[in-house]
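Working notes, structure below.
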Amino acid sequence: MKSDSFLVLCVMSMLLAPALLGTLANATTPSPPNARVFFITPQDGEVVPQTFKVKFGLEGMRLAKAGERVPNSGHHHLLINIDSLVDFSLPLPATNNILHFGGGQTETQLTLPKGKHTLQLLLGDYLHIPHVKPVISHKITIIVR
């Protein structure tokens with residue numbers, strides 16, 4: 001009896017998986033050509049204390065909360081010490097190095113250990129997926145004292 005249920009579950013999973021993946025693949029959100037995201041503070045090369053404020057700037061698009069499908073909008077993700085970018089066709093993972101601001105926040109207070117760090121902003125759509133033509137800032141380097 002249990003093996004029959006397991007077999008049915010496996011077959012259903014195999015049938016539904018392509019449909020779910022296809023839905024994600026078709027969920028791409030375009031960005032306007034003039035959209036840009038940037039840091040208001042800190043600036044590239046700035047020396048900051050261990051706890052400091054980061055302010056995000058956005059032009060050419062609107063902020064919207066995660067889950068809200070609004071044209072020409074997105075929400076911020078802060079990439080900390082990321083050397084290689086993630087797969088832009090998938091939702092951004094939430095990690096200690098990829099911070100999500102799905103509430104539409106435009107700033108945060110960050111605490112980092114002393115030393116050199118890189119920061120970069122990446123806008124995500126309502127599903128946390130980067131836009132087609134990603135809206136991504138220049139990577140900045142800061143020194144934490």
Side-chain angles (χ1 to χ4, degrees), residues 6-145:
F6 180 72
L7 180 61
V8 169
L9 183 62
C10 287
V11 170
M12 288 178 58
S13 297
M14 290 187 322
L15 293 173
L16 290 175
L20 291 173
L21 290 174
T23 300
L24 262 183
N26 292 327
T28 58
T29 305
S31 65
N34 63 334
R36 80 180 189 103
V37 65
F38 54 93
F39 289 98
I40 297 170
T41 60
Q43 296 294 307
D44 190 31
E46 189 171 335
V47 177
V48 298
Q50 280 192 278
T51 299
F52 59 98
K53 188 175 278 192
V54 180
K55 292 186 181 184
F56 319 138
L58 177 64
E59 292 179 351
M61 290 183 77
R62 296 178 19 199
L63 283 176
K65 294 179 180 179
E68 293 181 357
R69 191 172 192 170
V70 178
N72 296 324
S73 72
H75 63 277
H76 294 288
H77 296 83
L78 178 59
L79 312 179
I80 304 168
N81 300 323
I82 299 286
D83 291 326
S84 59
L85 296 174
V86 294
D87 183 348
F88 285 173
S89 67
L90 298 173
L92 294 164
T95 69
N96 289 336
N97 296 88
I98 301 175
L99 305 183
H100 289 242
F101 296 92
Q105 302 94 317
T106 59
E107 63 182 53
T108 190
Q109 190 161 326
L110 196 59
T111 301
L112 293 175
K114 292 180 181 184
K116 185 188 270 190
H117 299 277
T118 62
L119 303 176
Q120 193 168 26
L121 290 169
L122 176 59
L123 211 65
D125 70 6
Y126 68 106
L127 294 173
H128 300 280
I129 299 172
H131 296 78
V132 175
K133 187 179 177 270
V135 182
I136 189 165
S137 73
H138 293 289
K139 188 181 289 189
I140 67 169
T141 300
I142 58 166
I143 308 295
V144 175
R145 297 275 175 199

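Note that this is a predicted model, so its numbers are computed, not measured.
If you take OG1 on T118 and CG on L79, they are separated by 8.5 Å, rounding to the nearest 0.5 Å. Within the model, atoms CZ of R62 and CD of E68 stand 9.5 Å from one another, a figure rounded to the nearest 0.5 Å. Taking OG1 from T29 and CG from L127, the interatomic distance works out to 6.5 Å, rounded to the nearest 0.5 Å. We find the CG-NE2 distance between L78 and H76 to be 10.0 Å, quoted to the nearest 0.5 Å.
Here the shortest heavy-atom pairing between M61 and G74 reads CE-N, 4.4 Å. Across I40 and F56, no two heavy atoms sit closer than the pair CD1-O, 3.6 Å.
In this structure, L119 and P42 have side chains that are in contact, with non-hydrogen atoms separated by less than 4.5 Å. With contacts defined as side-chain heavy-atom distances shorter than 4.5 Å, the pair I140/Q43 does not qualify. The shortest side-chain heavy-atom distance between T41 and V54 does not fall under the 4.5 Å cut-off. Using a 4.5 Å cut-off on side-chain heavy atoms (C-beta onward), K114 and Q50 make contact. Considering only heavy atoms from C-beta on, H77 stays 4.5 Å or farther from L123 through its side chain. Annotation: side chain of R145 is not in contact with side chain of P49 (no heavy-atom distance under 4.5 Å).
Inspection of the H117 and N81 side chains reveals an N or O donor paired with an N or O acceptor under 3.5 Å. Using modelled atom types and a 3.5 Å distance limit, the side chains of N97 and T95 yield no donor-acceptor pair.
Formation of a donor-acceptor pair under 3.5 Å by the Q105 side chain with backbone atoms of G103 is found in this model.
Between F101 and H75, the distance separating the two ring centers is not shorter than 6.0 angstrom.
More than 12 heavy atoms of other shown residues, nucleotides or ligands fall within 6.0 angstrom of atom NZ in K139. For N34, the CG atom is densely surrounded, since the number of other residues' heavy atoms within 6.0 Å is greater than 12.
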